[in-house]
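Here is the structure we will look at, set down as structure tokens.
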Amino acid sequence: MWGLGTRTTDLTANGVPHHKSGIQSKGEAARARRGNHARLQPSCISADLPGDSSLWVEISDAVSERDKVKFTVQTKSCLPHFAQTEFSVVRQHEEFIWLHDAFVENEEYAGLIIPPAPPRPDFEASREKLQKLGEGDSCVTREEFAKMKQELEAEYLAIFKKTVAMHEVFLQRLAAHPTLRQDHNFSVFLEYGQDLRVRGKNRKELLGGFLRNIVKSADEALITGMSGLKEVDDFFEHERTFLLEYHIRIQDACLQADRVIHFHKTGLAEGFNPISAALNSLGTQEVNQLKTSFLKLAELFERLRKLESRVVSDEDLKLSDLLRYYMRDSQAAKDLLYRRLRALADYENANKALDKARTRNREVRTAESHQQLCCQRFERLSDSAKQGKPHSPGAPACRLPTLPGSLFLSSPELMDFKSRRISSFRKNLIELAELELKHAKASTLLLRNTLVILKGEP
Amino acid sequence: MSAPVIFDRSREEIEEEANGDVFDIEIGVSDPEKVGEVDQCTSLSMFSKSEFSVKRRFSDFLGLHSKLASKYLHVGYIVPPAPEKSIVGMTKVKVGKEDSSSTEFVEKRRAALERYLQRTVKHPTLLQDPDLRQFLESSELPRAVNTQALSGAGILRMVNKAADAVNKMTIKMNESDAWFEEKQQQFENLDQQLRKLHASVEALVCHRKELSANTAAFAKSAAMLGNSEDHTALSRALSQLAEVEEKIDQLHQEQAFADFYMFSELLSDYIRLIAAVKGVFDHRMKCWQKWEDAQITLLKKRETEAKMMVANKPDKIQQAKNEIREKVTYSGRQKCNKEKEILNRSLKRFEKKWEDLRQKERVKDFKTVIIKYLESLVQTQQQLIKYWEAFLPEAKAIA
């Protein structure tokens, strides 16, 4: 088993590694201290979360042990249903997933976009690389080894920070949503001191979940293919077409962005490394004027590499992560539309059943009440998606789902999705451009300085 | 008396071999530094015209090189190395593949040949060589047949090379002159380092090309996303992003080109130069070996003579004496000695020349190219700045 010891302020491994015996550190914990809270927040998602300070959630600390990550969730709230105003608990990734599933399966929230669950912390790739490094490659010099180790540790830390941010944003969206924040499970999650005893899904459950997804998409295809089912609301028709296409496109864009980043990192940025090393050894051997030139060039390429790495990581954060998050969020929006469609189909079926019952004059009552329920559910979902606050259950009469105009009550889910998306993209694209400019200017300066030196030498 | 400016421009067209495929390449060889060289021996200008062009095959270049090498290498001059034959490259070109790799190959070859000629004419001694002048001037050259890679002569040369390599392994030179040993080691090291650097630069070129391909794919994807986005300002910004990425992809391709033609090719040249220098060392070794062998034979013959003397067989003695005189005449030994002396002297002269080379040509050459390369990198960054600065207002316009 393998653990890594790192601290954000002081990157040290356990002892000085002799590169033959490998890295030794077992069980040391990695901590991410939240000195500056704004720094760790993924700016791509936390943009403009409607905030009121009545419920403030953050992940104040995180520890990586072996194969688990433990998050310390801290809450500050003046809401009445909490026992204290400030408290914190320790949660693991599985508990976040449990919370997410609880929301999804809750019928009450069927009309809302459930914030996408945070991805599982995945340090596999990073760990493998560090392990390989530890096993020792005897052809690597001591300095190269130290450099590689430092880079891998930095990579590990970056992944760690990202996963903390993802989990935090999930909770913060829940806390910001007027309806979701009041959920009982959410309070339990935030408050209950003990382990929630939520085990990770076993294989059967995972399989079940996977099958459910298949059934869902098959169902969706069926419903839309249903001859009798007509989308009566143009708004939803438009939204559905839009979301379907958008989701596919953003998925593709996310994939391509990941590939670009991969090649940029492992290819171009890392490609400067051997050049720098070779120039260095040439420089140390040469005994004439070219010596200083070689050494200067070696230094130049080393610094260019560092700059390129920074460009890559910025692109990763601002572009790749942005696309990924909205891919998930658009999926959640699609899910909402699906639920509504399902409700519509149920409503239609109930209507048919009621008609049949009336003609047969049997069980009319049950059919009627069932139909009413379906109608209400459908309306609720539609309203919530389109307009906002769901109607209180038990509305007097059932009417056709088309609602005149758009009565703005509170943030309608789909509008919310749109505005979130727009502001996130805006923020991130601006920051991406600014960072690219910054790095390009730095590179230019570096190159120009080196040129001055080279030209100046006789 | 000052010699006139010998070349203003000498243009050459190269016709590639056989199969009717003709690729016309123009090489410019300009030689401004020759102005002012005084040639004591003749009062005629060395060349009949001031500007001329000839057609030469690639094998002609190789023929020229082998002639010059055989004449000057053993005297200790560094004869600039000729570009290598590439069977794969030529086959592709002959087959008539119109893809970018064959045009690249032709371009590579053209540039290498140009550099080769320029190096050769820089040498004051080589410039006066009649073979070189014939090469540059005469409209018809006798075909250099034995440069074909797979010809009998070519194979013979390969066999000789292999024999040389074996030779080198078996003989152990007793280097009385430490200077030679040191220099040889230095060259070995330099060779290794240059090869490593060269390999890593070639890898960089590959990586840049890969990155460029992926950036293009992302650009398309971003454009599609922009299309499906229903908020107009965001949609426009995404399309702009796609355009920026596409331009960046182009940029990467151009930079890869520069990486290659400036940096990588420069290094290949120097690696070949080092190989030529090593050739001189090898030649010296062979000479020494011949001399050693001659010594040993002489010793044996003397032993035989001594034995004969002891055994007191007058007729055999006479025979032995004759053999000695036959096998190893004083003049023969003298000749080997002389060769060794010449080689020693020329290598000392080479030492001076080498310092010259290092100080002047090599330093200037290398630096010039590196400076050009770095300036190309600066250009790329400037373009990046331009593109992102154009994009920024679009991103800010998202409302």
Side-chain angles (χ1 to χ4, degrees), chain A residues 238 242 245-246 248-250 252-257 259-260 262-264 266-268 270-275 277-279 281-282 285-290 293 297 300 304 319 323 418 421-423 425-426 428-430 432-434 436-437 439-441 443-444 447-448 450-451 454-455 457, chain B residues 186 189-190 193-194 196-201 203-204 206-208 210-211 213-215 217-222 224-225 227-231 233-234 237-238 241 244-245 252 355 358-359 362-363 366-367 370-371 374-375 377-378 380-382 384-385 387-389 391-392 394-396 398-399:
Chain A
H238 168 82
F242 163 70
E245 197 187 3
Y246 187 79
I248 295 176
R249 299 273 171 87
I250 201 173
D252 187 49
C254 182
L255 181 70
Q256 299 297 346
R259 288 173 61 101
V260 169
H262 171 75
F263 279 105
H264 201 163
T266 58
L268 195 62
E270 291 311 308
F272 284 137
N273 240 344
I275 294 183
L279 282 167
S281 42
L282 268 170
Q285 280 194 9
E286 276 293 296
V287 264
N288 70 351
Q289 305 168 308
L290 277 184
S293 302
L297 279 176
L300 169 71
L304 278 178
L319 197 53
L323 292 171
K418 183 166 182 168
R421 185 173 83 238
I422 291 169
S423 64
F425 268 80
R426 177 176 194 273
N428 280 279
L429 288 177
I430 291 177
L432 175 70
E434 286 173 349
E436 294 270 3
L437 280 170
H439 294 313
K441 289 185 178 148
S443 290
T444 308
L447 285 164
R448 287 226 166 102
T450 311
L451 273 169
L454 281 180
K455 283 180 178 161
E457 279 172 11
Chain B
Q186 273 187 6
N189 285 342
L190 191 59
Q193 301 298 346
L194 279 178
K196 252 207 278 183
L197 183 60
H198 181 247
S200 54
V201 173
L204 186 72
C206 266
H207 287 141
R208 238 194 245 279
E210 262 177 350
L211 180 61
N214 280 290
T215 309
F218 174 67
K220 285 204 188 83
S221 195
M224 299 275 276
L225 183 64
N227 274 342
S228 61
E229 172 62 64
D230 63 352
H231 180 90
L234 181 53
L238 284 171
L241 180 68
V244 168
E245 293 287 337
H252 279 310
E355 291 311 313
R358 278 146 71 102
Q359 298 327 328
R362 188 157 148 254
V363 173
F366 192 82
K367 262 208 182 161
I370 285 293
I371 286 176
L374 289 185
E375 281 174 348
L377 286 178
V378 171
T380 303
Q381 296 297 327
Q382 297 282 74
L384 276 176
I385 291 178
Y387 297 150
W388 286 111
E389 273 179 351
F391 174 73
L392 197 51
E394 288 286 340
K396 289 190 171 156
I398 303 172

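Order of the sequence lines sets the chain letters (A, B, ...), proteins ahead of strands, with each chain counted from 1. For the numbers below, each heavy atom of this structure counts, side chains included, while hydrogens, waters and symmetry mates do not. All figures in this text were calculated on a predicted structure; none of them were measured in a lab.
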| message | Quick one, Leu319(A) and Asn428(A) - any side-chain contact, counting heavy atoms below 4.5 Å? | response | no
| field | Toward chain B, the part of Leu323(A) with a non-hydrogen atom under 4.5 Å | value | side chain
| Leu282(A) and Leu297(A), any side-chain heavy atoms less than 4.5 Å apart | no
| said: Is any side-chain heavy atom of Leu384(B) closer than 4.5 Å to one of Glu436(A)? | reply: no
| request: Salt-bridge test for Arg249(A) and Glu229(B): reply yes if a basic N is under 4.0 Å from a carboxylate O, no otherwise. | output: no
| remark: Ranking Thr215(B), Asn189(B), Ile370(B) by heavy-atom pairs under 4.5 Å to chain A gives rank one to Asn189(B)
| task | Measure distances from Ile248(A) to the heavy atoms of chain B and classify the residue's part below 4.5 Å as side chain, backbone, both or neither. | result | neither
| Options Val378(B), Leu392(B), Ile385(B), ranked by heavy-atom pairs under 4.5 Å with chain A, top entry | Ile385(B)
| chain A contacts, top residue of Ala395(B), Ala219(B), Ser228(B), Ala237(B) (heavy-atom pairs, under 4.5 Å) | Ser228(B)
| Option that, when pairs with chain A are counted at under 4.5 Å, heavy atom only, ranks first among Thr380(B), Val244(B), Asp230(B) | Asp230(B)
| said: Can you tell me how the ring of Phe391(B) sits relative to the ring of Trp388(B), calling it parallel under 30°, perpendicular over 60° and tilted otherwise? | reply: perpendicular
| Contacting region of Glu394(B) [heavy-atom separation from chain A under 4.5 Å] | neither
| query | Around Arg259(A), counting heavy atoms of other residues, nucleotides and ligands shown, do more than 12 lie under 6.0 Å from its CZ? | reply | no
| query | What part of Leu234(B) is in contact with chain A, defined as an atom under 4.5 angstrom from a non-hydrogen atom: side chain, backbone, both or neither? | reply | side chain
| message | Given heavy-atom pairs under 4.5 angstrom as the criterion, report whether the side chain, backbone, both or neither of Ala203(B) touches chain A. | response | neither
| field | Winner by heavy-atom pair count (cut-off under 4.5 Å) against chain B, out of Ile422(A), Thr444(A), Asp252(A) | value | Ile422(A)
| Can you check whether Leu377(B) reaches Gln381(B) side chain to side chain, under 4.5 Å on heavy atoms? | no
| field | Toward chain B, the part of His238(A) with a non-hydrogen atom under 4.5 Å | value | side chain
| So which part of Tyr246(A) gets closer than 4.5 Å to some heavy atom of chain B, the side chain, the backbone, both or neither? | both
| said: Quick check on His252(B) against chain A: is it the side chain, the backbone, both or neither that has a heavy atom closer than 4.5 Å? | reply: side chain
| How many angstroms lie between CD in Glu245(A) and CD1 in Ile250(A), if you round to the nearest 0.5 Å? | 12.5 Å
| Residue list, side-chain hydrogen bond (donor to acceptor under 3.5 Å, both in side chains) with Gln193(B), at least two apart or on another chain | Ser281(A)
| field | Most contacts with chain B, counted as non-hydrogen pairs under 4.5 angstrom, among Leu429(A), Leu432(A), Ile275(A) | value | Ile275(A)
| task | Please say whether more than 12 non-hydrogen atoms of neighbouring residues, nucleotides or ligands are located less than 6.0 Å from NZ in Lys196(B). | result | no
| field | Most chain B-contacting option - heavy-atom pairs closer than 4.5 Å, from Ala257(A), Cys254(A), Gly271(A) | value | Ala257(A)
